[in-house]
Amino acid sequence: MATKSTKTADKANSNDAPRDYEFQAEVSKLLRLMVQSVYSETEVFLRELISNAADACDKLRYAAITNPEYLGDDADLKIAVTLDADAKTITVSDNGIGMSHDELVENLGTIARSGTEAFMQQLEDKNSDVQQIGQFGVGFYSAFMVSDSVEVASRRAGEADGWKWSSDGGGSFTVEPDADAPARGTTITLHIGENSEEFLAAQRLQSIVRTYSDHISFPIEMAGAPAAGGDEEDGDEDGPQVINTANALWTRSRSDIDEAQYKEFYSHVGGLFDDPAITLHYRAEGRHEYTVLVFVPSQRPFDLFDPDRKGRLKLYVKRVFITDDADILPGYLRFVRGVIDSEDMPLNISREMLQNNPIVAAIKKAVTNRILSELETASKKDAEGFAKIWDAFGGVIKEGLYEDFERRDQLLALARFKTTASGDDLRSLADYVADMKESQTAIFYVTGETRAKAVASPQLEGFRAKGVEVLMLTDPVDNFWITNVLGFDGKPFKSVTQGAAELETIAGSDDGETEEAADAGEFGALLAVVKQALGDAVSDVRKSDRLTDSAVCIVAESGGLDRNLEKLLAAHKPDAVERQAPVLELNPRHATIKALARSAKSSGTSPELEDAAHLLLDQAYVLEGEAVRDPAAFAGRLSRFVAQGFAAGDE
Ligand code: ADP
Ligand code: MG
């Protein structure tokens with residue numbers, strides 16, 4: 001919040017005198033960075049101001065649907081860039097929605113969106129990439145890269161009073177009444193600083209507008225400038241000339257738009273500055289008519305998982321901007337940016353009405369299908385390119401596996417995984433199934449917070465030894481869909497930490513080479529002893545197929561939750577989850593187990609074997625990255641064991 005720093009003795013008409021406000025601390029910090037401006041791309045200030053002016057015109061047009069008087073006799077919305085080389089000023093003005101006193105204070109004194117801190121860090125560290133500024137909801141402040149001071153005169157549509165905001169980019173700004181503010185809208189005057197005088201040239205400004213802002217759908221006028229496409233010489237013409245194409249880019253035909261224009265539009269509408277991985281532009285005709293121009297970014301935006309993030313798919317009705325937070329696409333496609341422009345929705349549709357609107361529902365369905373089929377095409381045509389998309393957005397797309405039952409098969413076909421066999425490459429489920437071992441019936445997976453943790457799971461040993469591929473599920477979302485989705489291509493998903501591993505029945509590369517197992521009788525005796533010693537601490541004790549190197553591991557019962565999922569749920573809602581006693585598996589080929597089995601067979605249960613049983617279980621917990629159950633008891637048993645070991649050596 002901006003804080004009022006002046007004394008307020010004159011409360012009654014406190015808005016009549018100039019008042020000083022302090023910038024929110026974050027803004028001050030950002031401004032210090034802007035003022036230092038060692039950036040090479042300072043020209044983006046103009047793009048940001050024009051982008052705001054266009055947004056303001058969009059907002060006015062929407063507001064005027066219900067308040068036509070807002071338009072008055074000034075219905076042609078436009079933006080003007082004016083240069084005064086003598087006064088060393090550049091002004092950017094619009095007759096859009098304008099700002100009230102409080103909006104000036106709020107919008108130009110604070111930062112609304114999260115993520116700015118990270119952006120500033122980036123600027124401090126690298127002193128570059130100020131290009132990205134628009135993504136963080138702080139584009140306005142870029143004006144201070146080129147200005148010694150900035151004035152914003154504004155009058156909000158439908159309000160009588162005009163206001164002037166001004167600041168030199170220090171710690172504060174001033175707001176005062178301004179009778180000379182435009183009748184409606186905003187005029188921003190930049191007092192260009194010494195180091196930025198290169199911008200005090202009409203040609204330069206025009207070329208910046210053409211580069212960054214040609215796609216803006218409102219006319220951008222420049223006084224004394226040659227007309228768009230006109231000959232450059234008639235500098236003596238003083239009337240304002242429109243210097244952009246000034247129609248909505250998506251209404252043009254694809255053949256008239258080049259890649260650079262698509263990209264600029266993408267930056268404007270999506271607030272992103274990478275190269276879009278997929279550009280999808282088409283017009284739907286038939287029952288509903290609408291135009292779609294959407295992009296799949298190539299990089300993950302910083303706020304992909306931020307629940308408060310601003311929507312970035314803009315809905316227009318007949319070129320009138322309606323909203324950017326209607327849920328036009330399902331949540332799992334929230335990384336898609338762009339515009340949908342409907343021809344047959346009523347213009348006066350309120351944002352609330354959109355939720356149950358049948359046309360919105362029809363568009364949502366059709367566009368979602370189209371985007372998925374586009375992704376599928378990309379996955380087939382360009383595996384490498386698709387792998388990048390998947391790396392960036394797979395974690396989000398997978399939400400669809402439990403949210404969108406109808407498209408589950410389609411989404412499963414898109415899904416890519418790192419597996420124990422894939423190295424750094426990604427595999428599809430179809431790839432996995434094609435390479436399944438003979439007599440393997442399930443698709444095995446292991447979950448873990450990180451790849452390293454997943455790979456370290458002792459339960460994987462037997463799979464590795466037999467050359468059975470295992471999917472590595474390391475996205476948080478994996479824990480949710482994997483329990484919901486029954487299988488792929490008729491093969492069930494099965495956790496390596498759950499139920500019996502059935503590895504014995506799968507023919508694999510290690511057959512015949514393994515260490516000899518404990519004698520069946522001895523092993524049976526050990527199972528009985530351990531079961532009795534551990535009691536309720538385990539739900540079962542059994543022989544393991546899945547271990548080769550480790551002596552023991554714990555797994556969940558076949559019907560139970562995957563142990564990692566159980567852990568995750570317990571961390572979120574400790575009361576809701578009753579943690580199940582695990583199954584302890586013993587590796588009959590391990591030297592320790594064989595020795596214990598011999599002892600169990602020859603002398604039955606003993607205090608030493610009981611201690612050993614508990615130590616084995618605790619060891620299995622430790623291997624899972626969990627704590628021993630009772631540290632004091634564990635320490636006691638361990639030291640007894642060590643003492644016995646040395647005592648035996650003394651004899
Ligand atoms: P963003 O455009 O991403 O919200 P900016 O820093 O560019 O962030 O602008 C901050 C806010 O200031 C805008 O959201 C808008 O509310 C207000 N604003 C800026 N310029 C104008 C303008 N020309 N007309 C009306 N409001 C404006
Ligand atoms: Mg902006």
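Whatever order the structure lists them in is the order used to number ligands and atoms, beginning at 1.
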*Report the part of Leu108 (side chain from C-beta onward, or backbone N, CA, C, O) that has a heavy atom under 4.0 Å from ligand 1; answer both or neither where that applies.*
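For Leu108, only side-chain atoms sit under 4.0 Å from ligand 1.
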*Report, in ascending order of atom number, the atoms of ligand 1 lying under 4.0 Å from any heavy atom of Gly137.*
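Under 4.0 Å from Gly137, ligand 1 has these atoms: 3 (O), 6 (O), 8 (O).
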*What atoms of ligand 1 come closer than 4.0 angstrom to any heavy atom of Val138?*
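The list of qualifying atoms is 6 (O), 8 (O).
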*Does Arg300 count as lying over the ring of Phe393, i.e. NZ or CZ under 6.0 Å from the six-ring centre, within 45 degrees of the axis?*
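That pair does not qualify as a cation-pi contact.
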*Is Lys314 positioned over the aromatic face of Phe321, cation under 6.0 angstrom from the ring centre and no more than 45 degrees off axis?*
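Yes, cation above the ring, under 6.0 Å and within 45°.
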*Can you say whether the rings of Phe480 and Tyr402 are parallel (under 30°), tilted (30 to 60°) or perpendicular (over 60°)?*
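Taking Tyr402 first and then Phe480, their aromatic rings sit tilted (interplane angle of 30° to 60°).
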*Polar contact flag for Asp94 and ligand 1 (N/O pairs, less than 3.5 Å)*: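 So ligand 1 has an N or O lying under 3.5 Å from an N or O of Asp94.
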*Got an N/O contact under 3.5 Å between Gly98 and ligand 1?*
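No, since none of the N or O atoms of Gly98 sits under 3.5 Å from an N or O of ligand 1.
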*Determine, using heavy atoms of Met99 and all atoms of ligand 1, whether some pair is separated by less than 4.0 Å.*
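Distance cut 4.0 Å: Met99 passes for ligand 1.
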*Is the distance from the Mg ion (ligand 2) to the nearest N/O/S atom of Ser51 under 2.8 Å?*
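Short answer: no, not a single N, O or S atom is under the cut-off.
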*Nearest to atom 15 (C) of ligand 1 by heavy atom, Val92, Asn107, Asn52: which?*
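Among Val92, Asn107, Asn52, the closest heavy atom to atom 15 (C) of ligand 1 belongs to Asn107.
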*Going by distance alone, is a donor N or O of one side chain under 3.5 Å from an acceptor N or O of the other, for Tyr316 and Asp58?*
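The answer is yes; a qualifying pair exists.
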*Smallest separation among heavy atoms of Gly395 and Val477, with atom names*: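 In this case the closest contact between Gly395 and Val477 is O-CG1, 3.3 Å.
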*asked:* I need the Glu124 CD to Arg32 CZ distance, nearest 0.5 Å.
replied: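 Here the rounded value is 8.5 Å.
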